[in-house]
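Just below is one structure, and these are the notes that go with it.
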Amino acid sequence: MPIVNSDVAGVFEEIADLLEVQGANSFRVRAYRNAAHMLGELGTNIKSMIDRGADLDALPGIGPDLAGKISEVVRTGHCALLDELRTQLPPAVTELLKIPGIGAKRARALHQALGIGTLQDLHRAAEQGRLRTVQGIGPKIQQSILEATAIRLKAPRRYKLSLATQVGEALCLELSRVPGVLEVQVAGSLRRQRDTVGDLDMVAAVERDSPVMDRFVSAADGRHVLSKGRTRASVVLASGLQVDLRAVPRESFGAAWLYFTGSKAHNIALRQRAREAGLKLNEYGVFRGERRIAGDTEASVYLALGLPFIEPELREQLGEIDAALSHSLPALVQRSDLRGDLHAHTRESDGRESLEAMAAAARARGLEYLAVTDHSPRLALAHGLDAGRLAQQIDRIDALNARLDGIVLLKGIEVDILEDGRLDLPDAVLRRLDLVVGAIHHRFDLSRDKQTDRLLHAMDHPCFSILAHPTARLIDERPGCDFDLPRVIRKARERGCFLELNAHPARLDLNDIACRMAKDEGVLVSIASDAHSSVEFDNLRFGIGQARRGWLEPGDVLNTRSLGALRSLLSGTMDKPPPAQRVGAAVNVRTTAESVDPGTPSR
DNA sequence: GCCGTTTTCGGCCCGACTGTTTTCAGTCG
């Protein structure tokens with residue numbers, strides 16, 4: 001199995017966790033975490049860099065030691081340091097760190113005092129009330145651990161889109177080179193761009209006697225081959241991700257790809273439709289009696305069923321077949337429709353690159369504008385900007401814009417929404433900005449009513465433009481805040497402000513369902529990278545995936561607008577007239593946008 | 001463990017909140 005960046009990142013994360021539990025130097029721990037994060041974001045495959053002799057030391061945060069360890073993992077699939085650490089601590093102790101309220105010190109204390117090394121141990125000890133015997137753990141922490149472990153033990157493991165995408169793309173490339181392989185594609189929930197995937201499904205069109213199955217399983221550790229036949233094989237990767245490959249003849253590829261893409265509910269509905277038309281649909285094609293009448297492409301299958309092609313992201317049996325029948329399928333937004341990015345950080349707060357570097361990187365990715373939205377002072381960890389530093393940044397951006405060619409930087413801030421709904425910076429400096437992106441970074445645990453009031457109050461601020469990562473969820477780490485989403489969406493419509501779809505694969509927030517709610521209310525969505533370094537602009541693809549699952553068309557997305565149209569829309573939120581003409585408070589933002597910019601994409 | 005430069009070693013993200021204590025440690029972002 002080819003080693004992908006996230007495999008190496010996983011090794012470094014585990015090393016960092018184990019070192020931290022051991023009480024190692026925190027900066028050493030951070031070095032491993034930074035490297036893992038960098039590898040997770042890196043757009044280039046690390047193995048291919050090594051293959052062509054690239055200098056790994058040149059990567060940010062990678063010195064001679066880590067470069068050696070990356071090579072070791074890519075070459076051998078193992079890391080001696082990790083193997084050694086695993087003999088010193090139970091490897092599953094890293095699972096404990098994912099439980100809210102347990103950090104390195106408590107994990108170590110739990111292990112030392114009670115011999116706890118797994119989630120099961122922890123859950124049992126919490127049930128039996130034994131955790132309270134550990135210094136620093138009282139009834140409340142014990143109860144929250146009990147609840148968190150119960151949830152975690154029940155839920156099957158799911159994987160981030162970024163990991164599954166890396167694996168899927170690497171495997172597609174590798175398998176496409178195998179003799180007799182005509183085409184190979186990812187299917188399943190990854191192709192449908194669900195926000196997480198449980199396993200990775202792949203489909204290959206092959207000629208007879210292609211060695212594709214041998215090649216698929218040969219690179220995997222033998223212990224992790226679950227099954228291997230002529231047309232199907234399953235393996236489990238080091239990350240725990242299961243990969244299934246099905247091989248079919250050329251003429252069945254479309255039907256198989258459709259079948260293994262799902263969703264199950266969509267497939268059932270299609271088969272039912274086939275039956276009603278006196279046909280049979282399975283993974284080999286569409287049949288009338290014994291005769292195959294379609295199946296080489298997905299479009300041929302849909303056509304045989306009297307339907308236009310339905311995009312994979314829509315195949316959830318949530319109205320897409322009715323929409324197809326009535327010729328009202330959405331023309332989904334694509335990455336190329338995005339003309340700018342409205343959430344990015346620089347070195348001024350917790351980003352890793354300069355204004356200039358971020359601007360150049362955004363331009364290189366075809367963006368026409370980029371909003372610089374560093375953090376506000378409450379996020380001390382991130383070196384948040386106070387009013388004075390923000391004022392200086394505003395001046396620097398003005399000066400830089402005068403020199404920049406091909407891209408415009410917008411002056412913004414990712415301002416913390418305080419617990420009472422106030423914003424974390426004075427109005428005077430907020431008014432100087434092009435946009436104000438508000439976000440929650442603490443007190444995620446407020447009651448539904450209080451959290452809702454907090455957000456609604458923030459959105460009432462005359463400068464408020466966009467609510468960033470609204471639920472603040474972190475996939476696999478933290479559930480989203482509880483608040484009344486429909487009310488927040490309605491408030492956005494009333495105020496003429498916008499909601500973000502944060503494209504970071506750990507966030508994907510708003511999710512698909514919420515995007516569709518926003519669309520139904522006529523609230524535009526900002527698909528934003530939240531980039532902390534230039535490579536993270538590439539995460540926009542994951543945001544596009546969620547937007548498409550939410551049926552969003554270019555006209556539903558704020559940052560498909562031209563700069564002029566965007567400024568007009570934002571001016572409605574910034575309590576000041578736009579540069580050219582005053583546009584009234586944008587109650588129906590879509591109408592307003594289109595009236596300002598006839599060139600707005602509106603497929 | 002990396003980085004930057006001082007080319008050898010010191011500095012590296014810090015403040016708020018919570019629950020546990022009873023003056024503070026651990027966790028979180």
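Worth saying up front: this structure is predicted, and the values here are computed from it rather than measured. Per chain, numbering begins at 1; letters A, B, ... match sequence-line order.
- Across the C1' atoms, B:dC17 and B:dG10 are found 32 Å apart, a figure rounded to whole Å.
- For the pair A:Q135 CD and B:dC24 P, the computed distance is 14 Å after rounding to whole Å.
- Cation-pi geometry between A:R478 and A:F444 is met: under 6.0 angstrom from the ring centre, within 45 degrees of the axis.
- Pairing for B:dC2 goes to B:dG11, judged as Watson-Crick or G-U wobble with the two contacts each under 3.5 Å.
- Comparing the P positions of B:dT22 and B:dG29 gives an interatomic distance of 27 Å, to the nearest angstrom.
- Residue A:H442 is classed as having no contact, given no heavy-atom separation below 4.0 Å to the nucleic acid.
- Side-chain atoms of A:H345 and A:E536 form no donor-acceptor pair, as typed in the model, at a separation below 3.5 Å.
- No donor-acceptor contact under 3.5 angstrom links the side chains of A:N539 and A:S529, judged on distance only.
- Following rounding to the nearest Å, A:R378 (CZ) and B:dC28 (P) show an atom-to-atom distance of 15 Å.
- On the C1' atoms, B:dC2 is 15 Å away from B:dT7, given to the nearest whole Å.
- Across all strands, A:F444 comes closer than 4.0 Å only to sugar-phosphate atoms, never to a base (heavy-atom distances).
- B:dC24 atom P lies 18 Å from atom CD1 of A:I141, rounded to whole Å.
- Here, B:dT5 and B:dC12 have their C1' atoms 15 Å apart, quoted to the whole Å.
- Residue contacts shown for A:R478 are limited to sugar-phosphate atoms, with no base heavy atom under 4.0 Å away.
- Atom P of nucleotide B:dG29 and atom NZ of A:K98 are separated by 14 Å, given to the nearest angstrom.
- A:A104 comes within 4.0 angstrom of sugar-phosphate atoms only, judged by non-hydrogen atoms across all strands, and of no base.
- Counting only heavy atoms from C-beta on, A:K105 has its side chain closest to B:dG26 among B:dG29, B:dG26, B:dG15.
- Nucleotides B:dC14 and B:dC9 are separated by 24 Å at their P atoms, to the nearest Å.
- Contact check, A:R443 against B:dA16: no side-chain N or O comes under 4.0 Å of OP1 or OP2.
- At a threshold of 4.0 angstrom between heavy atoms, the contacts of A:N25 include nucleobase atoms, whether or not backbone atoms are also involved.
- Expressed to the nearest 0.5 Å, how far CG of A:L485 lies from CG of A:L510 amounts to 6.5 Å.
- Applying the salt bridge (charged side-chain N to carboxylate O under 4.0 Å, His left out) test between A:D512 and each of A:R548, A:R194, A:R549 identifies A:R549 as the sole match.
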